[in-house]
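Keep in mind that what you see is a predicted model, and the values were worked out from it rather than measured. So that the names make sense, note that chain A is the first sequence line, chain B the second, and so on, each numbered from 1.
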Amino acid sequence: MSETRSEARPETRSVGRSVSRVDALEKVLGRARYPADFSKPGMCHAKVVWTGEPHARITGLDTSAAAALPGVVAVLTSRDVPRNEFGLIESDQQVLAADVVRWTGEAVAVVIAQTEELAEQARDLVRVTYEPLPLVLDPIRAMAPDAPLIHAGQASNVMARWKVRHGDVEAALAEADLVIEAEYHVPLVEHAYLQPEAGLGYIDEEGRVTVVVAGQWPHDDVRQIANALALPPERVREIVPYIGGAFGGREDISLQIMVALAVFRTQVPVKMVWTREESMRCHGKRHPFTMRYRWGAKGGRLTAAKVELIADAGAYSSSSKAVVPGAVSVATGPYEIPNVSIDACVVHTNNPPTMAMRGFGTAQPPVAYEQHIDKFARALGEDPVSFRLRHLWDEGSIQPTGSPVPPGVGVKETLRRAASAAGWRQDGDRWVRPDLPPLPDGRRRGLGLATAFKNIGYSFGFHDRSTARVTVALDERGEPERAELFIAAAEVGMGVHTVLAQVAAEGLGLAVERVKVHGVDTTRTPNAGSSSASRHTFISGNAVMEACRLAMAQRAPGKRQVEAEYTFDSQRVRPTTDFDPETGACNPHITYGYVTQAAEVAVDPVTGAVEVLRMVAAQDVGKAINPLMIEGQVGGGLHMGLGYAIMEEFKLREDGRVRTRNFSEYLVPTTLDMPADLTCINVEVPDPAGPYGAKGLGEHVMIPTAPAVLNAIRDAVGVDVGELPAGPERVWRAMEAARASAASGKGVAR
Amino acid sequence: MNPFELHIAASLPDALDYLARYGQETAVLAGGTDLVIRIRSGREIPARVLDISRLKELRVIREEGTDANPAALRLGALVTHAQVVESAATRAHTPLLAEACATIGSPQIRNLGTIGGNCITASRAGDALPALLAMDAELVFLSKAGERRVRMADFFTGPRTTARRRDELLGHIVVPARAADERSCYLKLGQRKALAISVISVAFQLKMDAAAPRRCLTAAIAFGNLAPTVIRARKVEEAVMGRDLDEATIAQAVEAAVGEVSPRDDVRASAEYRLAMVRALVRRGLERLGGAAS
Ligand SMILES: Cc1cc2nc3c(=O)[nH]c(=O)nc-3n(C[C@H](O)[C@H](O)[C@H](O)COP(=O)(O)OP(=O)(O)OC[C@H]3O[C@@H](n4cnc5c(N)ncnc54)[C@H](O)[C@@H]3O)c2cc1C
């Protein structure tokens, strides 16, 4: 409405306010539609024949019984796929396995029938015979020269290596008066989104192969579908309705190509819905890492950091060649350390392919570097807050890759704010940890914190682009009346449509309700890149802001509508570069968000059970565009981080088959496992290149949770748990080991 | 999911008729929180399903005996875990069972899942079972042939197998009421605070000597998920009965516990951890119940 327009305008009207989500009502009323909610008259149902074999050669595939079942429309195999390949970076995966299967989640055939029950029945009639191939499940063993090759023809299972050399780490270690070395391990974990994979495919009114699916990068899905079907991309269309969570797990193709193929081959509408068990088994996971840290200090200052990272890529490459560099770039934390040496590699095994997952390589190293930092503080007798503050980055600090950190460095402020809220008090330069009164039930109480950071947007020279188009209806005076925003930013639940509506409303001087954000349809909404890398607020926010500015500039007397389209390209604003192959020198990232979290835990000294009683989260978001949505993100981030810390592990049996098949075996925290007391603090140190100074936070808020909890466990019971998850049995084992070594007179390590 | 014929029992006689005719190929459906999952996963493929969930008479908790102090509670097989947790009668007279049922699943599961279903599923980790076993409950089976009573101690015949006959419906469970001088507790180790299958569990019900407060007169102790079925820990009971619950007795009881169990490795925990934890929980329970205050 126009009544507010004449009033004096505050600095920002929409940005910075906790407006309610543009999708809130639809979701609360149950009207929001997710992929499985879509149907078409006359549609058929498709089911997948999964291999179940972790490594085998297909020796026979007999579909005749399935095809002969009345009501079966088609049984598709690799022979039906025009170009049997897909993959986010390299096309090394098969849509339907033709010859060799390399992990249990590979598809062998797709059965299409008139009803879901028939499709299921027919699926069970497909006969596949295999000749087993040698299994390789341990990435360290996979690196051995004599290890069986996962991909014949490759020189080794090592997919790629990276290194960073900064200063002289060996000399610095030799001169150090304190050297601490430890190995850390983080497991395979599952995205655990609410919505199992589902999709509807049909031929649209213009003859295009159309899929309605939950994809995090709709335009890249189209590229991969078109490639596999050998169609020009214009003949393929993807519509993305609401998505029930993604966390990186929908960045790769899951069923998109299979649904498109089914439609392409049968020319009838086809629906495919995976069960939870299928979803768990057949999409990728977070990379497990083995992390070896050998750091040195001299005169109380960190002088050397030597790091070795080994990541498990699983059977296919997915985005490993982008995830692991992310890990490399954060391996020593947001700390000034003059001498750094990092070696990293990523290795193929017969495990599920590992892929993007909230943090994209930056969630694993903090588990190591934040425990390592605490060990130094302890050894030097300094409080962990004071010790961190003496090493954390400032504006202009130099990263191990030789380049200065991007402007807007709020990391120290996140630590100060989080520590204060957790009870630390400042005594001159010193920070003093609060005393925790003992718990009445005999459990040990502990307090820990962790600081971390992550990039926003794509990195290493990649053009991070997003295109936004806005049409603005003007009143007779030429003032904006309402606006429509076209941008293929998939709403995975993080609130991107609300943020972009707020940015547009701000730029156009409209109320948020007057901005309509159109649903994603690759034929109607322009490419915005993926819903990942915590990037939409910064990258797409910039695109929307500029499109609005351009539209407003076109206003002229008598004009009742203006329209503008703008493509933001990060390389023109904040260019990044790829690693130098010898030194690793580069300008890795566009910008960073920083986070510190503190955790208070109670540990049962007998059973090893850990309860998180309280958490404090302080995040430097640049500018809080919607503070309430940030609180929501923080809650979700802590939940995921807490699961990573004490509960979650995707387990495989020795024969390579899945042990944690569903949510009764793969456990994530319940609401009761969440801390009852949660403090959320927004720190706003703007990035001048961000829209209104905003950075991003979607991933950041889960990254320090696990190390904060581990440090709190250490504080409570005096043991380091170097391997996640720190479930009761693992904590108990660590305590037993400490008791045994105390009993044998060696004493507990520090 | 394989198709099956569904019969919704209109009355108890109707249900018993149906079981008399088709018992061999029929699965009884109560809350469905176990059965539906087993059917969906193909672990159970019944030709027929008999839905008994509308038999209101099996949803009742009744006090038995004539005194103001009932001798026992009679729980209908369809009594839900939520009912057990909330009912004043169970809280007063069978607090061990109420405490155990409160640890089952989540509010949704407790609203649907029944005490009868928990018994017939006969999982080694079923949470109501150690409590029922420790309390010497009796199961009352109904069939066209009449009523048959089976003591909880005779009920489990092997992993997930029971003394129930295919033509029988579990009608009621009779649980002796706790005497005023008995103390109880249920200790469950789960991997999280809700929706957690027990890693192990221990149910205790002890009668303490009024004259000598640390003296244990009788003890009933049962273990969950420490053997192929839920078991009574007879040697632990023997180790504490007639003794003061002092450090020496507790240490003996802990050792006795180790001799009673045959824990396994599974996705939730190792046998080694379970063995360590049975020691820990036996100690914890005895220390708690042996303390001066109840
Ligand atoms: C998410 C989830 C969490 C769970 N958590 C727990 C937990 O923490 N602890 C725990 O112990 N259990 C747990 N369970 C298992 C389950 O909820 C319980 O065992 C419950 O008591 C089963 O009762 P029901 O009425 O749902 O049984 P149903 O599924 O209806 O039946 C179970 C079995 O009993 C038979 N049956 C049922 N009633 C009768 C009768 N009157 N006469 C003859 N046969 C009968 C059925 O044929 C079937 O074989 C959980 C289940 C789920 C799905």
Side-chain angles (χ1 to χ4, degrees), chain A residues 115-118 120-121 124 275-277 441-443 602 604-613 639 642-643 645-654 657-676 725-736 739, chain B residues 1-4 33-34 36-38 40-43 45 102-110 123 125 185 187-202 250 254 263 265-288 291:
Chain A
T115 68
E116 196 173 354
E117 290 71 23
L118 275 172
E120 249 166 47
Q121 259 178 293
D124 297 342
T275 61
R276 175 62 66 187
E277 286 81 0
D441 59 10
R443 288 184 301 167
D604 186 323
V606 177
T607 64
V610 175
E611 179 181 13
V612 179
L613 303 171
H639 177 258
L642 194 59
I646 65 174
M647 218 175 275
E648 296 185 36
E649 179 171 11
F650 192 80
K651 292 184 186 161
L652 299 164
R653 302 193 319 208
E654 271 162 31
R657 289 178 171 76
V658 175
R659 243 183 141 181
T660 45
R661 293 162 295 187
N662 53 38
F663 284 141
S664 71
E665 292 165 325
Y666 185 87
L667 301 188
V668 300
T670 69
T671 29
L672 293 184
D673 300 296
M674 287 292 283
E729 181 162 350
R730 193 162 276 143
V731 174
W732 170 78
R733 280 184 194 284
M735 293 189 298
E736 284 293 286
R739 282 191 275 263
Chain B
M1 192 158 101
N2 279 64
F4 52 77
T33 59
D34 278 321
V36 171
I37 289 168
R38 289 178 66 80
R40 194 179 152 269
S41 68
R43 272 173 292 173
I45 309 174
T103 70
I104 291 179
S106 60
Q108 296 92 324
I109 296 297
R110 291 194 292 274
S123 158
C185 71
L187 300 182
K188 167 175 173 175
L189 216 60
Q191 290 171 295
R192 58 184 176 187
K193 286 203 205 159
L195 290 167
I197 304 297
S198 84
V199 170
I200 70 163
S201 67
V202 187
I250 291 175
V254 165
D265 285 312
D266 65 18
V267 69
R268 294 184 179 90
S270 69
E272 186 193 355
Y273 180 68
R274 288 193 161 99
L275 201 57
M277 289 307 108
V278 71
R279 304 173 73 110
L281 294 197
V282 164
R283 168 174 292 280
R284 185 169 284 181
L286 293 176
E287 282 176 356
R288 187 179 297 177

Checklist entry - Within a reach of under 6.0 Å around CZ of B/Arg283, are more than 12 heavy atoms found that belong to other residues, nucleotides or ligands? => result yes

Next on the checklist: Do B/Gln191 and A/Met647 have side chains that approach each other closer than 4.5 Å (heavy atoms only, starting at C-beta)?
Outcome noted: no

Next on the checklist: Checking B/Ala269 now: which residues fulfil side-chain contact (heavy atoms from CB on, under 4.5 Å) with it, not counting sequence neighbours?
Outcome noted: A/Glu729, B/Val199, B/Tyr273, B/Arg274

Item to check | Test item: A/Leu667 and B/Arg268 side chains (from C-beta on) under 4.5 Å apart, heavy atoms | outcome: no

Checklist entry - Where is the tightest heavy-atom contact between A/Leu672 and B/Ala194, given as atom of each residue plus distance? => result CD1-CB, 3.9 Å

Checklist entry - Using non-hydrogen atoms only, which part of A/Glu277 is less than 4.5 Å away from chain B: side chain, backbone, both, or neither? => result side chain

Checklist entry - Do you know the tightest heavy-atom contact between B/Asp266 and A/Arg659? => result C-NH2, 3.3 Å

Next on the checklist: Using every non-hydrogen atom in the two residues, find where A/Lys651 and B/Val267 come nearest and quote the distance to one decimal.
Outcome noted: NZ-O, 2.8 Å

Checklist outcome for this item: In this structure, CD1 of B/Ile37 is separated from OG of A/Ser664 (nearest 0.5 Å) by 7.0 Å

Next on the checklist: Is it the case that atom CZ in B/Arg40 sees more than 12 heavy atoms from other parts of the structure closer than 6.0 Å?
Outcome noted: no

Identify each donor-acceptor pair in which a side-chain atom of residues 605-612 of chain A lies under 3.5 Å from a protein atom, sequence neighbours left out, and give them as a table.
residue	atom	partner	partner atom	Å
A/Thr607	OG1	A/Asp604	OD2	3.3
A/Thr607	OG1	A/Ala609	N	3.2
A/Glu611	OE1	A/Arg443	NH1	2.7
A/Glu611	OE1	A/Arg443	NH2	3.1
A/Glu611	OE2	B/Lys193	NZ	2.4

Item to check | side-chain contact (heavy atoms from CB on, under 4.5 Å) between B/Ser270 and A/Arg733, intermediate numbers included | outcome: CA-CA 11 Å; B/Ser270 69; A/Arg733 280 184 194 284; 3.2 Å; yes

Item to check | Part of B/Arg284 within contact of chain A (heavy atom distance under 4.5 Å) | outcome: side chain

